[in-house]
Amino acid sequence: MHDVRLIRETPDAFDQGMARRGLEPAAERILELDRRRRAAQTALQEMLTRRNAVSKQVGAAKRNGEDAADLIAEVQSLKDGITANEASEKVLDRDLEAILEGLPNLPAADVPDGNTEDDNREVRTHGDKPDFDFAVREHFDIGEDLGYMDFGAAARLSGARFVVLRGALARLERALAAFMLDLHTQEHGFSEIVTPVLVRENALYGTGQLPKFAEDLYKTADDYWLIPTAEVTLTNLAADGILDEAELPQRMTAWTQCFRSEAGAAGKDTRGMLRQHQFSKVEMVCVTHPDQSDAELERMTGCAEEVLKRLGLHYRVVVLCTGDLGFGARKTYDIEVWLPGQGTYREISSCSNCGDFQARRMKARFRPRGEKGTRFVNTLNGSGLAVGRTMIAIIENYQNADGSITVPEVLRPYMGGLERIASKERTGQ
RNA sequence: GGAGGGAUGGCAGAGUGGUAAUGCAGCGGGUUGCUAACCCGUGUACCGGAAACGGUACCGGGGGUUCGAAUCCCCCUCCCUCCGCCA
């Protein structure tokens, strides 16, 4: 949500920001509504001032046993004007709100211009593509052949875009989540949180998924929504609150299931675990002082990268161009992991600084030291990491010629010491 | 599913028609050699104003009654307690 005062002060900068996202100028329309709304409000307030004063006189007159008929008549005569201005202020207010809540965040100055993901800019890479002296396969072939990845069973239960994992791969899911949570809580200063995955509408409004992107979400028959990411619940923990400046930054992490309808992705990534209606993810959220959020974005991205480094996976970091930026983000780094089976980099984490865009929607504020009043906090979120996609990366990068998978060293303590995932027959599992 | 109770500022908590007590915390200032203590100020949002300052709204949300509503009436949302069922 945008600050009207900011648009009032710098309408051109606002429109330029919208233009960088490929959107039509909106400032003029907004400011016209804003002018009319303020005029109605000012007129209304003057009438209310008069009404309050005269009403007071009525009270005084009645106490003294005097006749108040003239005064009462005067207030009566104000009524139509009050009703009319009240109504027009409310309508203008709603119109203005309706425009503002549909506009995305302004991109940060250092975000590159562009239209599609092809215009994203590579920032850095880590590691190298692994060499294989055999024909590499994709994760679903490996997983299915091992007998631990079952799309048929999932289809019978739930249809397309679901998976059933068994045995060592089921455990790998749990191991990955535990490893990531341990890293973020023990070394990166995040506190571990468990949240609901069913939420009310207002939580999704706060983070910006609603009202615009309802078609991407699942909703229950009794009006709960399934979260598409724990960003929703973790960030909304700050909603409607006023924090002490000393309580910032707040770093939180949670492992949750995520649910996405993938409405716009029909026919895309239909094979394998890459794009599912349900997947688990370890999410990081940070609530910061506005002056700190830029630095926090770098830090958070580093926390996500650390997971990949320790797993020994080759990746690159790209900064999203204006055209690829999400609705609430002012700047986003995507981390793309190398998938040898696909022979391409795929997104495994997305870390965004939302500035005060979400905070304004959910009224998340803090009290600045030595200053009057309150300010909106800044919010950031990042995957650390998407667990299913991490599993894909491990399967493809650690595959062996015999169809087994080597367990990365850091995960072995979480896998009961297991060094290699081989087929059922061979391990007897 | 049944029956009750409730929602007031950061927190606690009074207020049954005359325009939001009080306490605590935090912040700013003052007194004292320091600490403690004490004193003064300080709710949030918005509008007008160069500023000083002035004004309006807000007692869960939305309507209504009234000269005037936290207070009375109607609708809605949320929270809590007990009973039943249940992992």
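Within every chain, numbering begins at 1; the chains are lettered A, B, ... in the order of the sequence lines, protein sequences first and strands thereafter.
- Contact annotation: A/Arg35 side-chain N/O to B/C47 OP1/OP2 distance is not under 4.0 Å.
- The side chain of A/Arg365 places no N or O atom within less than 4.0 Å of a non-bridging phosphate oxygen (OP1 or OP2) of B/U44.
- B/C46 is paired with B/G55 under the criterion used here, namely a Watson-Crick or G-U wobble arrangement in which both key atom distances are under 3.5 Å.
- Within the structure, a side-chain polar atom (N or O) of A/Gln76 is placed less than 4.0 Å from OP1 or OP2 of B/C67.
- Phosphate contact (OP1/OP2 of B/U66, side-chain N/O of A/Ser55, threshold under 4.0 Å): absent.
- Under the Watson-Crick and G-U wobble criteria, each requiring two contacts below 3.5 Å, nucleotide B/C38 is paired to B/G30.
- Atom pair A/Glu46:CD and B/G48:C1' shows a separation of 8 Å (rounding to whole Å applied).
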Problem - side-chain hydrogen bond (donor to acceptor under 3.5 Å, both in side chains) evaluation trace for A/Thr288 with A/Glu296 - result: CA-CA 8 Å; A/Thr288 73; A/Glu296 190 68 27; over 6 Å; no

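- Across B/U19 and B/G55, the matching C1' atoms stand 15 Å from one another, rounded to whole Å.
- Between A/Phe366 and A/His289, a ring centre-to-centre spacing shorter than 6.0 Å is recorded.
- Within the 4.0 angstrom heavy-atom criterion, no nucleotide atom of any strand lies near A/Leu71.
- Contact annotation: A/Arg8 side-chain N/O to B/C46 OP1/OP2 distance is not under 4.0 Å.
- The phosphate of B/G48 (OP1 or OP2) has a side-chain N or O of A/Arg38 nearer than 4.0 angstrom.
- Using cut-offs of 30° and 60° on the angle between ring planes, the pair A/Phe213 and A/Phe327 is perpendicular.
- A/Val75 comes within 4.0 angstrom of the backbone, heavy atoms only, and of no base.
- In terms of phosphate contacts, A/Asn52 brings a side-chain nitrogen or oxygen within less than 4.0 Å of OP1 or OP2 of B/U56.
- The partner of B/C11 is B/G23, judged by Watson-Crick or G-U wobble contacts that both fall below 3.5 Å.
- If you check B/U81 for Watson-Crick or wobble pairing at under 3.5 angstrom, you find it paired to B/A3.
- Nearest to the side chain of A/Thr42, among B/C47, B/A57, B/C67, sits B/C47.
- Comparing A/Arg375 and A/Arg200 against RNA chain B, the residue whose closest nucleotide sits nearer the 5' end is A/Arg375.
- Atom-to-atom, CZ of A/Arg94 to C1' of B/G62 comes out at 9 Å; the value is rounded to the nearest Å.
- Remark: B/A70 base-pairs with no nucleotide in the shown strands. Criterion, Watson-Crick or G-U wobble with two distances under 3.5 Å.
- The phosphate of B/C46 has OP1 or OP2 within less than 4.0 Å of a side-chain N or O from A/Arg5.
- B/G23 and B/A14: their C1' atoms are spaced 11 Å apart (whole Å).
- Ion pair A/Glu32/A/Arg35 flagged as a salt bridge, since at least one NZ, NE, NH1 or NH2 atom sits closer than 4.0 Å to an Asp/Glu carboxylate oxygen.
- Looking at which nucleotide of RNA chain B each of A/Lys62 and A/Gln41 is closest to, the 5′-most match is held by A/Gln41.
- Judged by a 6.0 Å distance limit and a 45° cone about the ring axis, A/Arg361 is positioned over the six-membered ring of A/Tyr205.
- Of the candidate nucleotides B/G10, B/C46, B/G63, B/G63 has the atom lying nearest to any side-chain atom of A/Lys90.
- A salt bridge between A/Arg310 and A/Glu187 is present, with a side-chain N of the basic residue lying under 4.0 Å from a carboxylate O of the acidic one.
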